[in-house]
Each structure stands twice: as C-alpha cells, then as structure tokens.
Number of protein chains: 2
Amino acid sequence: MNVDFSALTTTLSQHGYKLTRQRRAVVEVVAHGQTRLSAADVYAQAQRACPDLGLTTVYRTLEILAELGAIRRVHLDDGCEGFAPASAEHGHHLICSNCKMTIEFEDCDMRKLLDRVAARTGFKIEQHWLELVGRCPKCLQKAAARK
Amino acid sequence: MNVDFSALTTTLSQHGYKLTRQRRAVVEVVAHGQTRLSAADVYAQAQRACPDLGLTTVYRTLEILAELGAIRRVHLDDGCEGFAPASAEHGHHLICSNCKMTIEFEDCDMRKLLDRVAARTGFKIEQHWLELVGRCPKCLQKAAARK
DNA sequence: TTCCTAATTGAAAATCATTTTCAATTAGGC
DNA sequence: GCCTAATTGAAAATGATTTTCAATTAGGAA
C-alpha cells in the first residue's frame, strides 16, 4: 500500500534531484502516508523531523513527486489540493470521508465504459479521473458502536 | 445537452431565490454552456449582457446552482474550480482537452467496480467522482486536417 | 579529504482564486 | 405604490500557492 522510502529517494536521485534533508523529510511523510494529505498536512508532519523546513519546499517537493508519479493528486472537498501515495502506474483512490484514510486501487476496469462513451460521442478519450469516497471499515465500526 | 434557461429560473424561484438581473445573466451563460467554465469565464460572458455584474455575484450564483444540482463541479487542471451543466440527476462529464467542450453522460455503470472495491476494502462507498478527458470530434478533425 | 558549483533553500513578497463585509439597491409580495 | 428581506458589488480579507533572490549545501570531481 505504501510506497517505499528508499525506492523513492533512489528515483529522485536518478532523475537528477539532490537528496536534501528537507526532501527526505517530505518523502518520509509521503511514503508512510495512510491518508490523503494537503501540503499543509505534509508540512506539519515533516517539520517535526526537519524543523528548518519551509512550506515552499514542501510544495516544490510534492510537485516533483507528483511529476515522477510517486504521488497522485486527489480532489479535496475543502478546496485545496491533496496528494495520495501512488504505488501503481495507473491507479485511483478511495478515501474515507471521515478519517481521510486513503486506499489505492488499480483495476478500475473502465474499458467498456470508455469505449461506449467514445463510440457515442466521437471523442478520443485519453484520460480518466476517478475518485471514490466512502466510509472505511474502522469508521463504520465506530459509527455502529455509537448506536 | 443543455439545461433549460426557463426551467432553471423556475427552480431558483421555487427555492425562494429572487430572480435578479444578475442571476438571470449568469443562468443564461450557464444554460447555454457547451464547455466547462470557470467562475472567471462565466463572469466574462455574463458581464456583456449585464455590465454591472460583479464577480462576487457570479461566485454566489454558481454556488446556488451547484447546490440545486443545475451545474456540477468539475476538476480543472489549472487549479481553479470549473462548472459544467448538469441535466441529469446523476451524471459525469467528458471534456475536450483542447477546446474544453464538455459533454455530460449518465450511464457510468460503475456498480460492479464499486462492489468489487467495497468487497475488497471493507469500505462503504458513498460517492464517486469521475471525469473523462480527451479530444472531441471537431478537434480530432482539425488535428487530422493539419497533417 | 577538499573544493567547487549548480541545485536548493526559505522568508518575504507576490499572485491568484475565492469569500466576507456592509452600505446601497431592488425583487416581488401585499 | 409601499415595504422589507434579499441581493448587490467594491473593497477588504482570506487562504492556498508561487515567485524572488541572497544564503546555504549536496555531491561529483580532483
């Protein structure tokens, strides 16, 4: 489920990025992330390990990680951008609306739908963006225990 | 494909909203929209018919229309929020990455996928966000004619 | 190990999209 | 026509994000 810290730093290196303390701190947070995180979330957490980390660097690093495919942008209902770990080349996210826990899933299996819509509209479909929102097992349990 | 201006103003009325000149101008743009539009897009167009329209009112009106289900929020890759007409209770949008022309489609038919992911993860899935991006027939034709 | 330099940093400033404030205006019910 | 709650928009505020630029540093080369 999680992406590997070490694989990630290697990827950064291979793409010509220097491995600064700040970048390592950000990658650490992202690699162990179980929830979708905003830049502010990442900053708050990474700053504990790296107190001289600036928010600007968080934004920059997240941008690079997204470009490298290590994280994926997810839509947040409060307006700001979120990121979630991406271990798969092609995947989507399922997010708990309560605790924000995030799970990646790969097999969206949309071939049929895409073909159908394409055939009907004449479009050539190049991308699809899918995000699922619901309640995770834990939050469901909590809600049940509350009744 | 388009939502009806008149049905929209009636809906607004029925929900207790006054039909101001400004709101009419916004609804006019939205009702005839063939593309996904940002607030700024709507403002630029609606202002022609209603020169004393303020951007604030555009935002407010779009918000109301979204709440009433007349338009739907779509994800824009440039960061700001977009809106697209919604004539169906439940639908999604297909957007041309070139000209931004937007088509709504209803039959996302995701039952199977949702059930599969739910079964695997233990989540109770409540919402799904789906958006397709590609090239519309017109832009495809242009690109072909260019070769 | 040391040196060097291009890459990187972050505080401050800037930018951008959006929301709030509040006095002035107005839609529409009576 | 009157009245009032709803609505307006310019200005200000807000919050997320990006840019600027002098200072710092990662890591390759010697």
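Order of the sequence lines fixes the chain letters, A, B, ..., with proteins taken first and strands second; residue numbering starts at 1 for each chain.
- Looking only at side-chain heavy atoms (C-beta outward), A:Asp109 and B:Lys112 stay at 4.5 Å or farther from each other.
- Spacing between atom CZ of A:Arg24 and atom C1' of D:dT25 amounts to 13 Å, rounded to whole angstrom units.
- Contact check, A:Tyr59 against D:dT17: a side-chain N or O comes under 4.0 Å of OP1 or OP2.
- If you measure from atom CG of A:Leu55 to atom P of C:dA12, you get 14 Å, rounded to the nearest angstrom.
- Taking every side-chain heavy atom of A:Thr56 into account, C:dA12 is the closest of C:dT9, D:dA5, C:dA12.
- A:His15 has its NE2 atom 17 Å from the C1' atom of C:dA7, to the nearest Å.
- A salt bridge between B:Glu63 and B:Arg73 is present, with a side-chain N of the basic residue lying under 4.0 Å from a carboxylate O of the acidic one.
- Taking atom CG of A:Asp52 as the reference point, atom P of D:dT24 lies 12 Å away to the nearest angstrom.
- If you take CD of B:Glu63 and C1' of C:dT20, they are 14 Å apart, rounded to a whole angstrom.
- Across D:dT7, C:dA12, C:dT18, the shortest atom-to-atom separation from the side chain of B:Ala39 is found for C:dT18.
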Take B:His93 and B:Arg72, measure what side chain to side chain contact (heavy atoms under 4.5 Å, CB included) needs, and give me the verdict at the end. CA-CA 9 Å; B:His93 288 91; B:Arg72 193 170 288 125; 3.2 Å; yes
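- One donor-acceptor pair, N or O on each side, does fall under 3.5 Å between the base of C:dT21 and the side chain of B:Arg60.
- Base-pair partner of C:dA24: D:dT7 (Watson-Crick or G-U wobble, both distances under 3.5 Å).
- Following rounding to the nearest Å, B:Leu19 (CG) and D:dA6 (C1') show an atom-to-atom distance of 12 Å.
- In this structure, A:Thr20 does not reach the D:dT25 phosphate: none of its side-chain N or O atoms is under 4.0 Å from OP1 or OP2.
- In this entry the distance linking CG of A:Asp41 with C1' of D:dT17 reads 15 Å, nearest Å.
- For C:dT1, the paired base is D:dA30 (Watson-Crick or G-U wobble, both distances below 3.5 Å).
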Show the numbers, then the answer: is there a side chain to side chain contact (heavy atoms under 4.5 Å, CB included) between B:Leu132 and B:Phe105? CA-CA 10 Å; B:Leu132 307 181; B:Phe105 64 96; 3.6 Å; yes
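- DNA chain C is contacted by both B:Lys18 and A:Cys50; A:Cys50 maps to the nucleotide lying nearer its 5′ end (nearest heavy atom per residue).
- Rounded to whole Å, the distance from CG on A:Leu53 to P on D:dT25 is 14 Å.
- A close approach under 4.0 Å does occur between a side-chain nitrogen or oxygen of B:Arg23 and OP1 or OP2 of D:dT8.
- Residue A:Arg116 comes nearest to B:Asp107 through the heavy atom pair NH2-O, 3.1 Å, listed as atom of the first residue, atom of the second, then distance.
- Distance from the side chain of B:Tyr17 is smallest for D:dT7 among the nucleotides C:dT19, D:dT7, D:dA16.
- Relative to the side chain of B:Gln22, the nucleotides D:dT8, C:dA27, C:dT18 differ in distance, and D:dT8 lies closest.
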